[in-house]
Amino acid sequence: MKTLRMLASGFAMLLILGLVNFYIGYHGWLLVHEWFSGASSVLFWTLFLLVAFAYVVGMIPWPTIMKPLARFFKVIGSYYLACMEFAIIMLPLADLLYVLLGWMGVDRTHYVSEAGGTLLILLVVFLVWGSINAWSTVVRTHPIPIDKSIGTSTPLTIAVASDLHLGNIVGNRHLKKMVAQMNAMKPDVILLAGDVLDDSIEPFIRNSMSEQLKQLKARHGVYAVLGNHEYYGGSIKEYTDLMSSIGIKVLQDEVEEVAGTYIVGRKDKTAETMEAGGRLSVNSLLNGLDLTRPVIMMDHQPTGFDVAAQEGVDILLSGHTHRGQIAPNHWITKRLFELDWGYLRKDKLHVVVSSGYGTWGPPIRLASRSEIIKLEVVLEGTKQYSEEAVSTKTVLI
């Protein structure tokens, strides 16, 4: 029954995708036919469908010899996803304007050419602007006051990045910039709040991206958690082993004691459906900890704020939403999550949700930016940094 439901859902999605792309393709053909009257409809539809479904084609597990072509299709398909969203919003508006002009008795002889040309110009502006937002990173600083003390090394500077989506599109060039910006903060701790990978681990290994991540430097270490895309890729053990080999601990329902502070790393919510044991509750993770010390928790998907606040978590760090990545998707994420981006204070809990460093699908952002978070955690009894070593140990697995 479960398999049938999955097949039915997959078929429904393909049907909707097919209808949407037929609508877009039909308008594209009207413009091509208007500008090039002798164009072949067969050639147009063949090329259009190839581009429209390029991302799906690129996801197919092709043999090794076909991998470069598959990567090319995935990149083309990624950009088309942005074009498709643009078309879904703009084409109905163009059709509505066409109808209104007809009711008003306005001559529409050249409407297809004029409207099509205008939309293409707007599409180019959208892609250029969106690319700038995706590749030019901003650093957002959040001062976080906590009524707890660790006695040494305060305030704490914590650098946070989520949703790197390292793969065929977000690669070493963008990653290198992130490493430089984080290291420039001279952080006490670096936290990677999930979706370091963009599904497949293959481009991460092929392009030796771990060598770039290895350059991250923090006084008390670098820690990460899993996101939903690590689960989708299905190479969690290989990924966590590789991260461990470069000194980055991937916390899977684990707690690390770091400089008198607890770093709590939850498994992603996806584990509840993709792992037999699911994931531990916040209560189970915090059981036995000294809650007079600061508790910083990473949970990739921004949910369960009330529970975290009740259990004594001081700072909750999440990502996942990308703030919709491309407007007006942020209107949707804003309604799906209590906080889809930014900062929220809930009782004594400080919640910070990042819009992410990389991108999923098209490297385009509109109404969102690539960002790195800088937390300045100010504790009671602030003292100067101590040069003495502070031990780090696993206290709960």
Taking atom types as modelled and ignoring hydrogens, do the side chains of Ser136 and Arg369 form a donor-acceptor contact shorter than 3.5 angstrom?
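Yes, Arg369 and Ser136 have a side-chain donor paired with an acceptor closer than 3.5 Å.
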
Test your reading of the model: is there a side-chain donor-acceptor pair from [X] to the backbone of [Y], 3.5 Å cut-off?
{"X": "Asp195", "Y": "Asn228", "value": "yes"}
{"X": "Ser368", "Y": "Gln325", "value": "yes"}
{"X": "Arg365", "Y": "Ile326", "value": "no"}
{"X": "Thr240", "Y": "Ile236", "value": "yes"}
{"X": "Asn207", "Y": "Met209", "value": "no"}
{"X": "Glu230", "Y": "Leu197", "value": "yes"}
{"X": "Asn287", "Y": "Asn283", "value": "no"}
{"X": "Asp163", "Y": "His320", "value": "yes"}
{"X": "Thr273", "Y": "Thr270", "value": "yes"}
{"X": "Arg266", "Y": "Leu280", "value": "yes"}

Any salt bridge linking Arg293 with Glu257? Criterion: basic side-chain nitrogen under 4.0 Å from a carboxylate oxygen.
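The answer is yes: the pair qualifies as a salt bridge.
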
Hey, are Asp314 and Lys148 close enough for a salt bridge, meaning a charged N less than 4.0 Å from a carboxylate O?
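Yes, this pair counts.
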
Which heavy atom of [X] sits nearest a heavy atom of [Y], and at what distance?
{"X": "Leu93", "Y": "Ile89", "answer": "CG-O, 3.4 Å"}
{"X": "Pro302", "Y": "Thr321", "answer": "CG-CG2, 3.8 Å"}
{"X": "Ala161", "Y": "Leu164", "answer": "CB-CD1, 4.1 Å"}

Quick check: are there more than 12 heavy atoms from other residues, nucleotides or ligands sitting under 6.0 Å from [atom1] of [X]?
{"X": "Lys334", "atom1": "NZ", "value": "no"}
{"X": "Trp35", "atom1": "CH2", "value": "yes"}
{"X": "Lys214", "atom1": "NZ", "value": "no"}
{"X": "Arg345", "atom1": "CZ", "value": "yes"}
{"X": "Leu100", "atom1": "CG", "value": "yes"}
{"X": "Phe72", "atom1": "CZ", "value": "no"}

Could you walk me through whether Cys83 and Leu127 pass the side chain to side chain contact (heavy atoms under 4.5 Å, CB included) test, one step at a time?
CA-CA 8 Å; Cys83 296; Leu127 292 176; 4.3 Å; yes

Applying side chain to side chain contact (heavy atoms under 4.5 Å, CB included), run through Asp268 and Tyr231 and close with a yes or a no.
CA-CA 8 Å; Asp268 182 64; Tyr231 279 93; 3.8 Å; yes

How long is the span from the [atom1] atom in [X] to the [atom2] atom in [Y], to the nearest 0.5 Å?
{"X": "Asn183", "Y": "Met178", "atom1": "CG", "atom2": "CE", "answer": "8.5 Å"}
{"X": "Phe53", "Y": "Phe48", "atom1": "CZ", "atom2": "CZ", "answer": "8.0 Å"}
{"X": "Ile315", "Y": "His142", "atom1": "CD1", "atom2": "NE2", "answer": "11.0 Å"}
{"X": "Leu213", "Y": "Leu175", "atom1": "CG", "atom2": "CG", "answer": "5.0 Å"}

Run the side chain to side chain contact (heavy atoms under 4.5 Å, CB included) check on Leu291 and Tyr262 step by step: do they pass?
CA-CA 9 Å; Leu291 296 184; Tyr262 295 120; 5.5 Å; no

When you look at Glu34 and Trp29, which way does the side-chain hydrogen bond (donor to acceptor under 3.5 Å, both in side chains) test go after all the steps?
CA-CA 8 Å; Glu34 179 77 13; Trp29 169 244; over 6 Å; no

Determine, stepwise, if the pair Trp360 / Tyr55 fulfils ring pair (Phe, Tyr, Trp, His ring centres under 6.0 Å).
CA-CA 12 Å; Trp360 177 84; Tyr55 196 87; 5.8 Å; yes

Side chains of Leu191 and Ile296: does their closest heavy-atom pair fall under 4.5 Å?
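Side chain of Leu191 against side chain of Ile296, heavy atoms only: contact under 4.5 Å found.
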
Residue pair Val139, Met185: steps toward the side chain to side chain contact (heavy atoms under 4.5 Å, CB included) verdict:
CA-CA 10 Å; Val139 176; Met185 298 178 194; 3.7 Å; yes

Under the salt bridge (Lys or Arg N to Asp or Glu O under 4.0 Å) rule, what pairs show up with a residue in residues 271-284, not counting sequence neighbours?
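For residues 271-284, and leaving out neighbouring residues, the salt bridge (Lys or Arg N to Asp or Glu O under 4.0 Å) pairs sorted by first residue read Lys267-Glu275, Lys269-Glu272, Glu272-Arg279, Arg279-Asp299.
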
Using ring-ring contact (aromatic ring centres under 6.0 Å, His included) as the criterion, list what pairs up with Phe86, not counting sequence neighbours.
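Expected list: Phe126.
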
Which residues share a ring-ring contact (aromatic ring centres under 6.0 Å, His included) with His174, sequence neighbours left out:
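Testing His174 for ring-ring contact (aromatic ring centres under 6.0 Å, His included), a comparison that skips the adjacent residues, returns Trp135, Tyr357.
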
Hey, mind stepping through Asp340 and His322 against side-chain hydrogen bond (donor to acceptor under 3.5 Å, both in side chains) and telling me if it holds?
CA-CA 8 Å; Asp340 73 323; His322 296 217; over 6 Å; no

